[in-house]
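Below is one structure; the comments refer to it alone.
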Number of protein chains: 2
Amino acid sequence: MRPTIDDVAKTANVSKATVSRYLNGHFERMSAATRDRIAAVVAQLGFVPNRQASALKSRRTHLIGVVVADLANIYSTLLITGINDVTKEAGDQILVAGAGNDLAEEKRVLHLLIGQGVDGIILQPMSQDSHQYDFVRLAGIPMVIVDRDSLPRRHVTVASSDYSASRTLAETVIRAGYKDIIVFANPVQLVSSRMLRYRGFADVGQDHHIPVTLLETHGDSAAEADVSMIGAWLTAHPGHRPAVFTTNGRLLMAALFWMQDQGLQTPRDLGICGYDDWDWARLAGPGITSVNQHPQQIGQKAAEFLYQAVNGTPAPATRIEIPATLDLRHSL
Amino acid sequence: MRPTIDDVAKTANVSKATVSRYLNGHFERMSAATRDRIAAVVAQLGFVPNRQASALKSRRTHLIGVVVADLANIYSTLLITGINDVTKEAGDQILVAGAGNDLAEEKRVLHLLIGQGVDGIILQPMSQDSHQYDFVRLAGIPMVIVDRDSLPRRHVTVASSDYSASRTLAETVIRAGYKDIIVFANPVQLVSSRMLRYRGFADVGQDHHIPVTLLETHGDSAAEADVSMIGAWLTAHPGHRPAVFTTNGRLLMAALFWMQDQGLQTPRDLGICGYDDWDWARLAGPGITSVNQHPQQIGQKAAEFLYQAVNGTPAPATRIEIPATLDLRHSL
DNA sequence: TTGAAAGCGCTAACAT
DNA sequence: ATGTTAGCGCTTTCAA
């Protein structure tokens, strides 16, 4: 069906070894004649070398594994795009997998990736305990962590400047005159970036003696998030006009949907701002003040660090921060 | 480094063949004792079978290739999510690649996928000429086409009901009283789905004697699209209040950004509606009437058809339509 | 400058 | 119920 290196060798009247050299660009001492002859045959036969076979011996699959918490999240899309920018230059391919926000599922797919012999892995980790990933290290597979910390830090970690960006946003909120702040988040203990985003607000609130209320919901999608908690807070505090900060784009959207349903307007009835500005935040209501994490850049950086490790010169396991930027609009 | 089947065999005091049977679930006639012994050793050694090696003999890599026109598009994300829903059940992995909206690049990545020996490919094709993909057929790799037609049809094609959904939307526009319709699109000749979306409007416009103007732009992103064409039309037709239909989500967003910049409001100054409702359309302005293609469903269906072919019983090469749905809001 | 041969880790007849 | 053996398609010494 697909021609093999043997077919090429025979029709070109050379040995497999020579064809292999040709394929790998070892032209140093190969007559131009053979080179051209092989080239012709390769083209004529439409020969595409089988990487499975070559990987067996060369120990390079040219596959980079990417595991994200949730495939459907736009963060993932942009992250993957950034990674792809780099892998494409290297002529490699990416194997993507979603962990479905579940540690066991994440473990399963990591094993699949190891089975596929990926040259390296980029992981948005479900667990903050890096020992969960010891088996990857044991398999000798280079890995770079993105978005969230997993400690003790065993791998280069590329993430946004969650804490400082949150502080900046919190200062902005307070400067706008709000006396109450609500942080609407998924459980903050579980994920380091959420915690940093919350802490940024909590710390700044404390500095200014402004109460910061944490409202945690489990629902991950806009539909599942329990936004009514904000409504409950509002009825419990009549006359107050709080600023709501959401720790990710899905929750931002959930909150906005809910406000729309309730006939609540921003900034008239409450202020709102949050993480993850995928452009649409500019179009919603009067424009929502939001934080852009630049996931594509995070992906690129992560891939660059990964290649350093794949090529045998791993960087020390530190946290690399990509500065998040704040888009000031009119929702505060 | 990673243990091999040989290591397992030796420590369990059995032959590689027995271990292989164990790994592939051929327990039919294997003593429970050996089974358990092997299980123990596998766990103890943290053995993960090397799929490159197994693929070499078994001709199954458990890899499904996915090639989308543009990785960063949300359509791609949702499509990939849908595909992953199905591949995950099969224990397979997906190899994703973006064609960067370029035919040559698409060809390059298709070759990479073939080199990786993928069991099948799902392609959102750059070319409407299916002969461009003959080399994939020649390599004997099952393929399913999504989103766009490529003719003559050689593969099952899964797409949304572009033409009928567009007609429905066009009827809605006309029923709302608009006397002018502008279709804002990327070049329609190049991609079948764009063409169908345009034709839906053009045909309905003709039925009702309503002029439908096609404005084509090359820019693909919201930033690059030349929205000023709409402005030019507006100045050329003072007093008119057209309905603008955009053929994809990026152009919808581009148009909305532009309107925002111009201080134009919908539906006051013009009506607007378009393809690709990724939830945010509900939040923009008064809510934008838009078409949801359900790309995740398209991905699932495509993967199901692909597996039929991979498993030796390919379905006939027909076009399968996933009904697009219309979200009526307040922008018309 | 080129070839021969061994082997990467696994699977699948064919034996036993 | 288990083992032996011969590859799968490449890469890579080592020779020539």
Side-chain angles (χ1 to χ4, degrees), chain A residues 1-39 41-42 45-63 112 114-119 139-141, chain B residues 1-39 41-42 45-63 112 114-119 139-141:
Chain A
M1 184 146 297
R2 271 174 63 189
T4 74
I5 199 174
D6 237 344
D7 300 327
V8 176
K10 291 212 173 92
T11 33
N13 277 312
V14 291
S15 69
K16 300 196 296 178
T18 305
V19 178
S20 176
R21 287 187 194 104
Y22 168 84
L23 293 174
N24 295 294
H26 299 317
F27 303 127
E28 304 93 42
R29 19 196 191 197
M30 181 185 307
S31 73
T34 22
R35 172 158 51 68
D36 297 346
R37 193 145 31 89
I38 296 175
V41 173
V42 164
L45 265 45
F47 169 71
V48 181
N50 178 333
R51 284 223 189 262
Q52 318 285 323
S54 100
L56 212 49
K57 186 108 234 194
S58 70
R59 314 257 126 206
R60 269 276 212 159
T61 54
H62 295 277
L63 253 25
L112 285 179
I114 293 175
Q116 290 289 1
V118 293
D119 293 337
I141 300 182
Chain B
M1 184 143 298
R2 272 174 64 189
T4 75
I5 200 175
D6 238 343
D7 300 328
V8 177
K10 293 215 171 88
T11 32
N13 276 312
V14 290
S15 71
K16 299 196 296 178
T18 306
V19 178
S20 176
R21 287 188 194 103
Y22 168 83
L23 294 173
N24 294 293
H26 299 318
F27 303 128
E28 304 93 43
R29 17 193 194 199
M30 181 185 308
S31 74
T34 24
R35 173 160 48 67
D36 297 346
R37 193 146 31 89
I38 296 176
V41 174
V42 164
L45 264 46
F47 169 71
V48 180
N50 178 334
R51 282 217 189 266
Q52 320 286 322
S54 104
L56 213 48
K57 184 107 236 196
S58 72
R59 314 257 125 205
R60 269 275 214 162
T61 54
H62 295 275
L63 252 26
L112 286 179
I114 293 174
Q116 291 289 1
V118 293
D119 294 336
I141 300 181

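Residue numbers begin at 1 in each chain, while the letters A, B, ... track the order of the sequences.
- Scored by the salt bridge (charged side-chain N to carboxylate O under 4.0 Å, His left out) test, B:R60 finds B:D119 as partners (sequence neighbours excluded).
- Between B:L23 and B:I5 there is a side-chain heavy-atom pair separated by less than 4.5 Å.
- Side-chain contact between A:Y22 and A:V42 is present, with at least one heavy-atom pair separated by less than 4.5 Å.
- Of all nucleotides in DNA chain C having an atom under 4.0 Å from a heavy atom of chain A, the first and last in 5' to 3' order are C:dT1 to C:dG9.
- In terms of phosphate contacts, B:R59 brings a side-chain nitrogen or oxygen within less than 4.0 Å of OP1 or OP2 of D:dG9.
- An OP1 or OP2 oxygen of D:dT12 is reached within less than 4.0 angstrom by no side-chain nitrogen or oxygen of A:S58.
- Taking both residues in full, the closest heavy atoms of A:T18 and A:M30 are given as O-CE, 4.0 Å, listed atom of the first, atom of the second, then distance.
- Non-hydrogen atoms lying under 4.0 Å from DNA chain D are contributed by nothing in residues 47-55 of chain B.
- Between the side chain of A:R2 and the backbone N or O of A:V48, at least one donor-acceptor pair lies under 3.5 Å.
- Near DNA chain D, meaning a heavy atom under 4.0 Å away, the residues from residues 3-16 of chain B are B:N13, B:V14, B:S15.
- A search for side-chain contact (heavy atoms from CB on, under 4.5 Å) contacts involving B:D7 returns B:P3, B:T4, B:L45, not counting sequence neighbours.
- The end-to-end axis angle of the helix from C:dT1-D:dA16 to C:dT16-D:dA1, rounded to 10 degrees and based on five pairs per end, is 30°.
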